[in-house]
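In listed order, ligands and their atoms are each counted from 1.
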Amino acid sequence: MGQNLANKILQAHLVEGELVPGKEIAIKVDQTLLQDATGTMAMLEFLATGIDRIKVSLAAQYIDHNLLQTDNKNADDHAFLTSAAQRLGVYLSKPGNGVSHQVHLERFGVPGTTMLGADSHTPTAAGLGMLAIGVGGLDAALAMAGRPFHLTCPKIWGIKLTGELQPWVSGKDVILEMLRRHSVKGGVGKIIEYYGPGVATLSATDRATIGNMGAELGATTTVFPSDHRTREFLEAQGRGEVWRELSADPDATYDEYDEIDLSQVEPLIACPTSPDNVVRVADIEGLKVDQVIVGSSVNSSFRDLMTVCKILDGRKVAPSLSFHINPGSRQVLENVVANGGFIMLLLAGAQIHQPGCLGCIGMGQAPGTNQVSFRTFPRNFPGRSGTKDDRVYLCSPETAAAAGLFGVATDPRKLGELMPWPAVQNPDRYLVDDSAGILAPPEDGSRVEIVTGPNIVPLPEFDALPDELEVEVIIKVGDNISTDTIMPAGNKVLPFRSNIPAISKFVFEQADPEFSERAKAKGNGAVVGGVNYGQGSSREHAALAPRFLGIRVKIAKGFARIHRSNLINYGILPLTFKDPADYDSLNQGDRLKFARLRELVESGATEIPVEVNGREIVTLLDASDRERRELLAGGLLNVVKEESHGR
Ligand code: MIC
């Protein structure tokens, strides 16, 4: 029986276990990606291992999230990351050089390799035929230190692509179609593999868009074949030598199937406040738009930006709105400039920003009260823009540009009445100059001094799991709670990513401003959640900061993959309900009593009884032996420390 591509790459990297969905496996990691918002903590964690040089073929550190320098904090973090990268053998992409995902595609990605990234959108590297997985900072740090990565072997979900996209429709519409069909939970426990004749019609950057937002489906990652389109992109980057052909066997099978006829995909848009709240753009035509932003983490490539330039060329954006461009990288910007695009944007009235994540992570660009914002970003969780009750829509660059011109939601195919379809292609040869933006590490970094500012606070120490545990439910939340709700981002909070005591004050801030104080006062606490709890960002701070506040248990109807791993990494028990109806019986303020907890966790028991309000409910712990060891120790770092003492 033929093998699919995801299993081929997994097999080639397998160091423990068997490729049986649901069983734990471990894989060798070839590359790692850190960005600054998760990277300060990950670097501190790497340094805590005492290892003096990275043990992967390539590690890259990007500074793309915390670009706003309103005081010393972010600049101190930049200096810390730069010095740590130089010391440890890591490539450093400087502030203003671009978003990690776009730059990695351009300069470092290699088909067929594995990558762990401390950012949920790491699967953007699918555009190059990589198997790239988003994880918490600690998992990325330990991979950098040479440890294999453990994961539950996912199912492989084959999506057959046929046909070709129509003019004015692009990669973003394909992934929005997936979200329309399958929701933000549709990819949980799966790797999405695209195959079939339609694949060759998509450029590497369109594939990257589809891979990026596979994270919004909850998927472990996304994989595309490495074919002549991959080669074309790598050659245009002057890196043709790293290309190799990779595809599924012709008779490959998948655990699950779906099919998309690209020629039938319409311009789509995700409405507030979830990436799966997808409708046809045609269905909301006429909606007044106040702000448009093109770029950031996704849809910030040359093709995406140049398409917008061509649409705006010789025209003006509607006077009633603001139109922003966030280029994906310095290289994208340089190539747009060289092709005459920059002047088209300027004359049309666009505001052009430095390459980086910016408004995508709430670092500026917040919309006004009740304003409608059309963004090519991957996420529109409530309040993520920085504005309470925000109205953020997610769409393609074509749909964004059409709204920019008309001031209202407009099916971009209507642009065809004004102009021919620009059909922008990526260049045959990009202008490439890394000298201003990428710092290669020295051969020997051992003498580089690591610079730490006052905002870089040592990691808190956590105790082991007790045998008897009594906790109070500090908050009860609903379904699909994202890590943006648990641990918000934005310009007020992000600068504290390397300062856990300070950032912990913001946990659940939007949902319940008193959460942090209450949790701390109670000592030991629990959180109760619905399905897909902890979806979205990989930020381990959504586990680390609650643990700092005394949260020891989370009971939910289900957990998102990365958040669940982060909880275990920091010694928080991720329990589910045996009977989902028990969710309804739990309330804030209830006291939960666990008895013989260590014994149960250690013995491999899956049922963990809890006494609440004089009755017993049964919760489930679905964890491997390795994960149980981590929970018992109070977290993964404690295990690593025990291991290194034992040596
Ligand atoms: C995001 O898009 O949510 C982020 C910001 O890139 C995060 C990482 C973070 O919170 O630092 C992610 O996707 O993992």
Side-chain angles (χ1 to χ4, degrees), residues 32-43 61-68 74 77 81 98-104 115-125 132-141 184 209 211-221 273-275 293 295-300 326 328 356-365 375-386 392 394 481-498 500 503 506-507 534-545 560-563 565-566:
T32 57
L33 174 157
L34 299 180
Q35 40 91 339
D36 51 332
T38 51
T40 43
M41 195 46 71
M43 277 294 195
Q61 167 70 60
Y62 296 89
I63 300 180
D64 53 5
H65 282 65
N66 286 349
L67 301 181
L68 213 58
N74 289 344
D77 280 356
L81 290 173
V99 178
S100 62
H101 312 302
Q102 175 66 27
V103 179
H104 207 88
M115 175 161 81
L116 283 201
D119 189 293
S120 63
H121 294 117
T122 302
T124 310
I133 302 179
V135 292
L138 182 53
D139 285 325
V184 289
T209 298
N212 176 295
M213 284 186 68
E216 272 46 74
L217 286 156
T220 303
T221 188
T273 48
S274 179
I293 314 181
S296 291
S297 155
V298 68
N299 292 120
S300 52
N326 301 346
C357 306
L358 317 181
C360 185
I361 183 62
M363 294 301 267
Q365 303 181 315
R375 303 171 163 207
T376 66
F377 301 173
R379 291 194 170 131
N380 59 348
F381 297 133
R384 182 175 156 101
S385 67
V392 174
L394 309 174
I481 290 298
S482 80
T483 44
D484 276 305
T485 298
I486 305 168
M487 183 74 261
N491 67 335
K492 223 171 48 175
V493 188
L494 269 192
F496 293 115
R497 282 286 180 92
S498 52
I500 297 305
I503 207 170
F506 299 94
V507 175
Q535 69 162 330
S537 157
S538 67
R539 61 191 72 147
E540 61 188 343
H541 304 74
L544 185 42
R561 174 185 63 87
I562 308 178
H563 187 58
S565 298
N566 287 336

Set of residues satisfying side-chain hydrogen bond (donor to acceptor under 3.5 Å, both in side chains) with respect to Ser274, sequence neighbours excluded
Asp276

Would you indicate whether the side-chain heavy atoms of Ser565 and Val135 approach each other to under 4.5 Å?
no

Is there a donor-acceptor pair under 3.5 Å between the side chain of Asp36 and the backbone N or O of Asn66?
yes

Side-chain donor or acceptor of Thr122 paired with backbone N/O of Asp119 under 3.5 Å
yes

Under 4.0 Å from ligand 1, counting heavy atoms only: the protein residues, by chain and number
Gln35, Ala37, Thr38, His65, Asp119, Ser120, His121, Ile361, Arg379, Arg384, Arg497, Ser537, Ser538, Arg539

Under 3.5 Å: donor-acceptor pair, side chain of Arg561, backbone of Gly134
yes

What is the ring orientation for Phe506 with Phe496, classed by angle as parallel under 30°, tilted 30 to 60°, or perpendicular over 60°?
parallel

